[in-house]
Amino acid sequence: MSPRTEPKAVEKLTRAEAEAELARLAEAIAHHDRLYYQQDAPEISDADYDALRQRNAAIEARFPELVREDSPSLRVGAAPAETFAKVKHLKPMLSLENAFDEADARDFAARVRRFLKLDADAALELTAEPKIDGLSANLLYEKGRFVRGATRGDGTVGEDITANLRTLKDIPQRLKGTGIPDLIEMRGEIYMQRQDFIAMNAERAAAGEPVFANPRNAAAGSVRQLDPSITASRPLRFFAYAWGEISQRPAPTHWEMLERFAEWGFKTNPQGKLCFSIDDALAVHAKIAETRAALPYDIDGVVYKVNRLDWQDRLGIVSRAPRWAIAHKFPAEQAVTKLNDIIIQVGRTGTLTPVAMLEPVTVGGVVVARATLHNEDEIQRKDVRIGDTVLVQRAGDVIPQILGVRIENRPKGAKPYVFPEHCPACGSTAIREPGEVARRCTGGLICPAQAVERLRHFASRDAFDIEGLGARHVEEFHRDGLIRTPADLFRLSARQEEIQEREGWGKQSVAKLLAAIESRRKIPLDRFIYALGIRQIGQATARLLARNYGSLAAFRQAMIEAQDPASPAYHELDSITGIGESMAADLVGFFAEPHNIAVLDDLAREVTVEDVAAPAGAASSPVAGKTVVFTGSLQTMTRHEAKARAEALGAKVAESVSRKTDYVVIGADAGSKAKKAAELGVMTMTEQDWLKLIGEGA
Ligand code: IVH
């Protein structure tokens with residue numbers, strides 16, 4: 001609710017006011033339900049939403065005769081979003097790393113040069129293309145015919161929207177021209193031009209239909225329609241800019257690939273340029289930034305890509321983003337507004353985050369009503385006080401931030417903000433460890449905020465991916481004691497009847513939910529680890545851990561043994577590339593809590609955790625499963641590249657030598673690691689030996 005319109009107390013409402021208020025609430029709740037359930041784009045917090053529903057219920061309790069036919073209390077949620085069949089992309093759809101300024105962009109070019117070992121005078125050709133603010137799509141063409149189109153989804157599996165995409169003029173049904181591969185996954189952006197968007201919204205408003213917040217939401221909403229004739233009526237367009245699986249490459253560079261795309265009948269972005277250096281690319285960025293407002297569609301940066309495809313291959317991928325591309329974002333947009341309040345949110349890992357509640361303001365086309373204040377020190381440093389006038393910034397998809405305060409507008413008597421020392425959710429003490437910026441609730445699983453957040457995370461798409469179990473269901477089920485820990489989810493079937501009787505549930509929907517839960521009883525180790533919600537352990541790290549330990553039993557055992565920092569288990573954990581000391585501390589800390597182990601063991605009894613299979617192509621590799629350490633400077637490749645290649649063959653690459661090391665590859669000027677290997681009797685070899693071993697040597 002907008003803080004401007006402080007609602008009148010329910011007991012003071014007249015009958016006429018109550019009637020009007022119920023009408024307003026019915027509309028508002030329906031609106032938020034649609035945003036939440038169908039568009040995955042809530043505008044207000046769960047607490048604010050609950051407040052709307054509570055107010056509605058309170059008014060209805062006072063004036064039962066005024067309960068409307070369409071009262072929100074008579075239903076839960078909106079009709080579920082239309083569902084589409086899932087399709088697995090042949091090659092994952094990657095995301096892009098961001099560069100926020102010139103220095104980041106130059107770092108990118110320098111990184112690429114180092115990785116490729118380019119001489120100082122060697123040219124690095126880059127393409128520079130606008131980053132379209134739409135949604136990406138994957139279009140499969142077989143023998144030049146469009147056979148299937150899908151949304152990006154989680155990057156691995158998307159939704160089949162073929163019928164809808166066939167209605168787009170920019171998506172050719174048949175490719176024409178030369179060099180068409182037998183099979184290609186075309187990738188690009190579906191978007192809507194600003195003018196089209198404005199006209200469409202005007203029509204919708206006139207027809208009493210809800211309007212979209214921005215062209216991107218409009219495009220996303222239009223593409224996810226069950227009835228293709230609706231999609232056909234929407235002004236959607238498509239730019240091609242990349243590809244996934246391909247049977248044979250018709251050209252050796254990205255730029256020539258784009259030329260082919262155009263020849264085959266796709267639209268490619270006319271602002272795209274081939275650049276001969278990072279300086280060139282930065283100049284294109286500056287020019288596009290200047291003319292951005294005049295472009296007919298929204299863009300949020302410029303994407304730089306290494307032009308040579310053989311170099312792209314060598315550079316490869318890190319954590320779902322190619323090393324050969326980067327998105328150089330435009331500076332964020334800003335606005336001035338009033339800070340009405342500061343509330344404290346408790347995150348899944350117990351971190352207390354201060355959130356600024358703002359007088360709603362439009363920043364770059366989106367209404368912003370809250371912004372992060374990061375932490376206690378940030379508030380102090382900026383001396384942000386309730387009632388202040390503040391400068392808000394929004395950059396792309398990033399959470400809006402408060403840049404600073406207009407002291408001259410500060411109301412008299414505004415007091416410095418005092419950060420609470422207790423968790424607002426459970427009352428436990430919130431402590432701040434030395435050297436940490438965050439204050440953290442010590443309540444663990446007894447803290448409802450953490451339990452609910454942990455359960456939500458557990459069921460989320462990248463974790464257990466339990467379809468149909470939305471955040472609000474988790475909250476409800478937790479509140480009513482149906483689920484307290486993750487394992488409880490797998491015992492819900494025993495309470496089928498009880499759930500069926502709940503508001504908003506029926507026999508079918510419960511059966512569907514239980515089936516979705518059942519289908520997740522088998523889970524890969526990395527997802528399992530990620531689902532535990534251990535601080536700092538994201539997807540990429542969970543994958544590293546899964547790959548290193550191979551099975552849940554081995555992982556669990558190692559984490560318990562690693563409690564002792566002098567143990568070999570701790571040494572092994574610490575030597576996994578990508579796991580720093582602070583991550584190791586969080587892992588060990590998690591396993592130091594008996595209640596966490598109890599929760600994990602309880603869960604492990606309910607599910608089957610799959611061991612990690614060696615990476616594709618690695619089964620036959622002589623180094624699969626071996627632990628390798630590279631030391632000294634290598635001649636034919638950089639350390640980074642050596643590591644990437646070894647890992648692709650299923651080897652583990654460690655930073656330090658231990659008894660568990662299988663091979664130490666010694667380059668020029670190797671130091672203590674070579675010595676340590678000799679001491680421990682670990683096998684050492686030259687770079688040439690290594691290349692021979694992996695079948696790449698002369
Ligand atoms: S290339 C491997 N080029 O940005 C890289 N992406 O943050 C594949 N995007 O999911 C993407 N314009 O939706 C590329 N000219 C462009 C783009 C672009 C927009 C989007 C795309 C991608 C996201 C990554």
Side-chain angles (χ1 to χ4, degrees), residues 89-100 104-105 108 112 126-139 149-159 161 165 170-171 184-193 214-217 219-220 223-224 236-246 249 253-255 257-262 266-275 281 284-285 287-289 292 295-309 311-330 395-398:
H89 309 310
L90 300 179
K91 280 259 172 76
M93 292 180 79
L94 304 172
S95 42
L96 290 171
E97 273 235 55
N98 290 324
F100 293 104
D104 288 351
F108 159 73
V112 166
L126 298 167
T127 61
E129 305 158 41
K131 183 167 189 294
I132 316 295
D133 201 4
L135 68 147
S136 51
N138 188 29
L139 316 174
T151 61
R152 177 178 189 278
D154 64 1
T156 306
V157 175
E159 288 176 316
I161 49 166
L165 292 182
D170 291 350
I171 294 184
I184 182 168
E185 283 180 299
M186 288 294 303
R187 306 256 164 102
E189 205 82 352
I190 300 171
Y191 68 99
M192 208 179 268
Q193 293 199 348
N214 52 45
R216 187 159 92 99
N217 284 9
V223 124
R224 296 186 76 253
L236 294 172
R237 296 167 193 258
F238 181 81
F239 276 129
Y241 53 61
W243 64 96
E245 183 68 73
I246 186 166
R249 276 183 189 162
T253 63
H254 183 76
W255 188 249
M257 288 294 286
L258 292 178
E259 288 174 344
R260 288 297 164 99
F261 293 171
F266 289 102
K267 297 256 168 16
T268 54
N269 196 298
Q271 311 292 322
K273 294 277 177 303
L274 175 59
C275 304
V284 172
H285 183 274
K287 180 145 179 288
I288 293 180
R292 175 182 179 193
L295 287 178
Y297 41 83
D298 287 349
I299 61 174
D300 58 355
V302 175
V303 183
Y304 306 143
K305 299 174 190 165
V306 170
N307 193 34
R308 276 178 61 165
L309 302 185
W311 286 1
Q312 288 190 3
D313 293 340
R314 278 177 62 193
L315 286 156
I317 294 160
V318 242
S319 282
R320 294 176 153 230
R323 233 187 239 112
W324 44 263
I326 198 155
H328 184 175
K329 296 296 201 70
F330 293 134
D397 293 338
V398 184

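Every number for a ligand or one of its atoms is a count from 1 in the order of the listing. Source: prediction; values computed, not measured.
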**Request:** For residues Tyr241 and Ser136, determine if any side-chain heavy atom of one lies less than 4.5 Å from a side-chain heavy atom of the other.
**Result:** yes
**Request:** Starting from atom 8 (C) of ligand 1, locate the nearest protein heavy atom and write down its residue, its atom name and how far away it is, to 0.1 Å.
**Result:** Ala242 CB, 4.4 Å
**Request:** Would you please test Asn138 and Glu185 for side-chain hydrogen bond (donor to acceptor under 3.5 Å, both in side chains) and show each step?
**Result:** CA-CA 6 Å; Asn138 188 29; Glu185 283 180 299; 2.8 Å; yes
**Message:** Under a 3.5 Å distance rule, please check whether His254 uses its side chain to pair with a backbone N or O of Val306 as donor and acceptor.
**Reply:** no
**Prompt:** Which residue owns the protein heavy atom closest to atom 4 (O) of ligand 1, what's the atom, and how far is it?
**Reply:** Lys131 CE, 3.2 Å
**Item:** Gly134 backbone acceptor or donor facing Glu189 side chain under 3.5 Å
**Value:** yes
**Asked** Looking at atom 5 (C) of ligand 1, what's its closest protein heavy atom, distance included?
**Response** Leu96 CD2, 3.6 Å
**Prompt:** What's the shortest distance from atom 13 (O) of ligand 1 to any protein heavy atom, and which residue and atom give it?
**Reply:** Glu189 OE1, 2.7 Å
**Message:** With heavy-atom distances below 4.5 Å as the criterion, would you say the side chains of Ile299 and Gln271 are in contact?
**Reply:** no
**Request:** Enumerate the atoms of ligand 1 whose separation from the nearest heavy atom of Glu129 is less than 4.0 angstrom.
**Result:** 15 (N)
**Item:** Distance from atom 2 (C) of ligand 1 to nearest protein heavy atom, with residue and atom
**Value:** Pro322 CG, 3.4 Å
**Asked** Looking only at atom types and distance, does a side-chain atom of Thr253 sit under 3.5 Å from a main-chain N or O of Asn307, one as donor and one as acceptor?
**Response** no
**Prompt:** Which ligand 1 atoms does Lys305 reach within 4.0 Å, using its non-hydrogen atoms?
**Reply:** 1 (S), 3 (N), 14 (C)
**Request:** Verify, without hydrogens or angle tests, whether Arg323 (side chain) and Leu315 (backbone) share a donor-acceptor contact under 3.5 angstrom.
**Result:** yes
**Complete:** Among non-hydrogen protein atoms, atom 22 (C) of ligand 1 lies closest to Tyr241 OH, 4.1 Å
**Prompt:** What is the closest protein heavy atom to atom 10 (O) of ligand 1, and at what distance does it sit?
**Reply:** Ser136 OG, 3.6 Å
**Request:** Measure the distance from atom 15 (N) of ligand 1 to every protein heavy atom, then report the residue, atom name and distance (to 0.1 Å) of the closest one.
**Result:** Pro130 O, 3.2 Å
